[in-house]
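Shown next, in structure tokens, is the structure this report addresses.
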2 protein chains.
Amino acid sequence: MKKNNHLYQEFLLKHGLKSTKQRRLIFEKFIMTQGHVSADGFCNVVKKADPSIGQATVYRMLKLLTESHIARKLEMGDGIGMYELNLGRDHHDHLICEKCFKCVEFKDDALEELQIRLAGDHGFTLTGHKMFLYGLCAQCR
Amino acid sequence: MKKNNHLYQEFLLKHGLKSTKQRRLIFEKFIMTQGHVSADGFCNVVKKADPSIGQATVYRMLKLLTESHIARKLEMGDGIGMYELNLGRDHHDHLICEKCFKCVEFKDDALEELQIRLAGDHGFTLTGHKMFLYGLCAQCR
DNA sequence: TTCTGTGCAAATGATTTGCAGCCAG
DNA sequence: CTGGCTGCAAATCATTTGCACAGAA
């Protein structure tokens with residue numbers, strides 16, 4: 001927990017924020033997140049730990065966490081914002097089954113290199129990317 | 001225009017739809033679309049040609065056009081659905097400048113192959129993909 | 001005629017915001 | 001104390017839907 005506390009302090013400092021019990025709780029819960037959560041789903045997680053926390057606070061924190069690159073916001077298909085932990089993780093992409101909606105994360109060095117090259121070919125300096133591959137998984141095929 | 005008429009008939013047939021003046025107009029306007037349009041922006045284009053057409057009809061058509069792969073729906077970052085013409089075009093991806101929001105379309109065969117391989121590595125049959133590269137363009141850097 | 005298509009306005013669902021009170025520094 | 005933070009409810013924004021009427025087959 002010491003390590004998370006360090007990250008939390010750094011996060012507050014970067015944004016010039018005060019520490020509050022709400023922010024601490026939301027931060028800790030988000031750090032423990034596995035896979036993808038919707039803002040609404042994450043609200044429930046937070047409210048289970050402390051029902052007095054309002055959803056606006058959760059939305060405001062998710063925005064801050066995303067700006068700090070602690071969270072990453074994804075929009076896969078429908079218009080619902082999904083969040084995932086993006087803390088000290090390698091950049092990864094998503095492979096989504098169109099039938100069962102299973103989502104596999106993967107990472108590929110050749111892909112990363114290719115993306116940098118493609119951006120460079122058009123005079124861009126790459127800062128990030130989002131890629132979703134859609135298909136049918138082994139079970140659904 | 002004969003060619004578009006053919007596409008229009010095919011589109012109606014595939015969905016079992018009737019031809020109406022609204023559908024014909026919206027179809028023609030969409031075929032002429034350059035780059036990306038929001039649903040709302042496209043509504044304005046349609047309404048300029050015929051103000052009596054309601055936005056619900058435009059939204060309903062955009063959904064149908066997307067299902068026919070005549071349109072492609074993109075969601076880049078904010079929660080706004082953007083549409084682009086996807087008719088007989090090669091699959092392409094997008095490179096977006098984070099500063100000026102300029103959007104460059106590109107296509108790369110090595111990328112397409114790599115995506116198929118990556119999907120296959122995880123037991124998936126690839127049916128489609130969306131990729132957004134974010135970076136800084138030559139002018140903004 | 002018959003049933004699909006349409007415009008309107010109201011409904012929805014996700015997210016944001018205004019505001020009065022609260023609390024960390 | 002004081003300005004930032006919070007919860008609440010109301011406000012937005014994009015999109016969808018219910019419904020009565022219009023119009024294609």
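Naming convention: chains lettered A, B, ... in sequence-line order (proteins, then strands); numbering from 1 in each chain.
The side chain of Ala39(A) sits closest to dT15(C) out of dC3(C), dT15(C), dC5(D). The side chain of Arg23(B) approaches dG5(C) more closely than any other nucleotide in the set dG18(D), dC8(D), dG5(C). Relative to the side chain of Lys63(A), the nucleotides dG7(C), dG25(C), dT16(C) differ in distance, and dT16(C) lies closest. Residue Thr20(A) has its side chain nearest to dT6(D) when only dA9(C), dT6(D), dA25(D) are considered. Of all nucleotides listed (dA14(C), dT6(D), dT17(D)), dA14(C) comes nearest to the side chain of Tyr59(A). Comparing dG25(C), dG23(D), dA14(C) by their nearest atom to the side chain of Lys18(B) picks out dG23(D). When the nucleotides dT6(D), dA9(D), dA14(C) are ranked by their closest atom to the side chain of Ile80(A), dA14(C) comes out on top.
Remark: Asp50(A) does not engage Lys48(A) in a salt bridge, criterion side-chain N to carboxylate O under 4.0 Å. Look at Asp108(B) and Arg117(A) and you find a salt bridge, because one of the NZ, NE, NH1 or NH2 atoms lies within 4.0 Å of a carboxylate O, short of that distance.
Within the 6.0 Å centre-distance limit, the rings of Phe42(B) and Phe30(B) are counted as a close aromatic pair.
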### ring pair (Phe, Tyr, Trp, His ring centres under 6.0 Å) between His129(A) and Tyr134(B), intermediate numbers included
CA-CA 5 Å; His129(A) 73 263; Tyr134(B) 299 94; 8.8 Å; no

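As judged by a 4.0 angstrom heavy-atom cut-off over every strand, Ser19(A) is placed among residues touching the sugar-phosphate backbone only. Heavy atoms of Ser38(A) sit nowhere under 4.0 angstrom from any nucleic acid atom.
As rounded to whole Å, 16 Å separates atom P of dG18(D) from atom CD of Gln55(B). The distance from atom CZ of Phe11(B) to atom P of dG5(C) is 10 Å, rounded to the nearest whole Å. If you measure from atom CG of Leu17(B) to atom P of dC3(C), you get 17 Å, rounded to the nearest angstrom. Between the CG atom of Leu12(B) and the P atom of dA24(D) there is a distance of 13 Å, given to the nearest Å.
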